[in-house]
Amino acid sequence: MNYAILKFLDCSKKLVQAYQEKNWAEVVEHAGHLISGVAELWKLLATPTFASTTPENAEAFVLSDAEYEDLENVCHELEKTKQELEQLSGDNHEQLVAASTAVDPRLIIVIIQAAIELYKIVKKKLDE
Amino acid sequence: MAVVESTFMLTNTSELKTEEDVFFCSVKLVTAYQNKNWQLAAEEVVRLTKYAANKLKRRWSTKNKTIKKHGEMPDYYIGAIANIDYLLKDAKTKTKSNILFSTDGTSICDYRILCHILEFLAKALRHPKKKKE
């Protein structure tokens, strides 16, 4: 699998896990990596070699069944996390700030939304 | 299955350090976007995104006890945000076409993803918003 996609998958999993553990410092860390990963993968998608269908590119986009399933699961987990964060983004946000962290859930939602959109594009490319 | 290292490795781009860097990077992004030079635009998008992600990390760090919640917006950020808002507005009108080839036909731009990234940049640079009086 393409290294950028692999890294992207890894970041997503770590973000979801950190969120589930309510480890906000880790959430921030992985959210930062994830949005950087989105930008890097977007950049990769714009490169001429990537846009063409050379054998190298075809190979880069070959996923085993397990990897493909992994990609779908991660996307699903991100959707779930996004929905939960949306509930935190109202008044509860103030409580979050007062408690222990200044993390703004609304910005994490934007990052996750970007990642989900990118997953959809990668999946579409894989399904072609 | 072994990891296949891509033949199109990401190029190293210099890190943005100051608010001034951010502004000039946004100017370069606007120029690249207008010229439909997606490769160059992508370079600038990556640089801006990394800067914004680090900015949030610093601001949200629990170690940072002297955090200013609602400070004054630096002038350079105001300029950069205006540039990003302009791009976001334009890119949103093009999401139906999904992708667009560059002027020379060698690279493509996926507007759906670009809109999300720009939205992140606009929010991250504005953050934290001044509370309404």
Side-chain angles (χ1 to χ4, degrees), chain A residues 1-7 24-25 27-52 54-57 59-67 97 100-104 106-118 120-121 124, chain B residues 1-11 13 37-64 67 69 98-99 101-102 104-110 112-124 126-129:
Chain A
M1 199 198 307
N2 185 284
Y3 177 70
I5 299 174
L6 204 63
K7 197 175 135 195
W24 297 109
V27 167
V28 171
E29 182 73 35
H30 298 305
H33 289 312
L34 186 61
I35 191 68
S36 302
V38 169
E40 283 184 348
L41 210 44
W42 180 76
K43 177 178 150 185
L44 204 61
L45 286 166
T47 57
T49 46
F50 201 84
S52 67
T54 62
E56 289 83 6
N57 286 342
E59 196 178 1
F61 258 93
V62 170
L63 266 73
S64 66
D65 288 349
E67 285 169 338
V97 174
S100 59
T101 173
V103 175
D104 187 338
R106 289 166 297 190
L107 267 160
I108 307 285
I109 291 169
V110 176
I111 295 171
I112 291 179
Q113 187 58 52
I116 291 169
E117 198 66 39
L118 194 56
K120 284 181 190 165
I121 287 168
K124 200 178 160 196
Chain B
M1 189 180 166
V3 173
V4 180
E5 283 286 350
S6 113
T7 50
F8 24 85
M9 294 299 288
L10 301 170
T11 53
T13 49
N37 184 341
W38 304 127
Q39 275 183 277
L40 189 58
E43 296 282 351
E44 306 308 338
V45 163
V46 170
R47 293 171 82 202
L48 283 168
T49 306
K50 285 185 174 170
Y51 174 88
N54 279 329
K55 173 182 180 278
L56 290 182
K57 194 175 146 184
R58 281 196 302 273
R59 187 167 281 278
W60 287 344
S61 167
T62 47
K63 288 174 193 160
N64 189 356
I67 205 160
K69 282 187 183 169
N98 294 337
I99 59 166
F101 277 91
S102 60
D104 61 2
T106 58
S107 60
I108 56 169
C109 168
D110 191 312
R112 290 166 300 181
I113 298 295
L114 181 61
C115 281
H116 285 294
I117 298 174
L118 290 171
E119 205 163 321
F120 164 75
L121 289 175
K123 281 186 194 293
R126 277 191 176 94
H127 183 76
K129 266 187 181 170

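From a predicted model like this one, the values you see are computed outputs, not experimental measurements. Below, chains carry the letters A, B, ... as their sequence lines are ordered, and counting in each starts from 1.
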Nearest 0.5 Å please: distance from the CD1 atom of B:I117 over to the NZ atom of A:K43. 11.5 Å
Which heavy atom of B:V46 sits nearest to which heavy atom of A:A39, and what is that distance? CG2-O, 3.5 Å
Considering all heavy atoms, the nearest B:A53-A:I35 contact: CB-CG2, 3.9 Å
Please look at A:I121 and chain B and tell me whether the side chain, the backbone, both or neither of the residue comes under 4.5 angstrom of a heavy atom of that chain. side chain
Is the shortest heavy-atom distance from the side chain of A:E40 to the side chain of B:K50 under 4.5 Å? yes
Where does B:L48 contact chain A at under 4.5 Å (heavy atoms): side chain, backbone, both or neither? neither
CD1 on A:I111 to OG1 on B:T49, rounded to 0.5 Å: 10.0 Å
Distance (rounded to the nearest 0.5 Å) between B:F120 CZ and A:I109 CD1: 13.5 Å
Would you give the length of the straight line joining atom CD of A:E117 to atom CG of B:L114, rounded to the nearest 0.5 angstrom? 12.0 Å
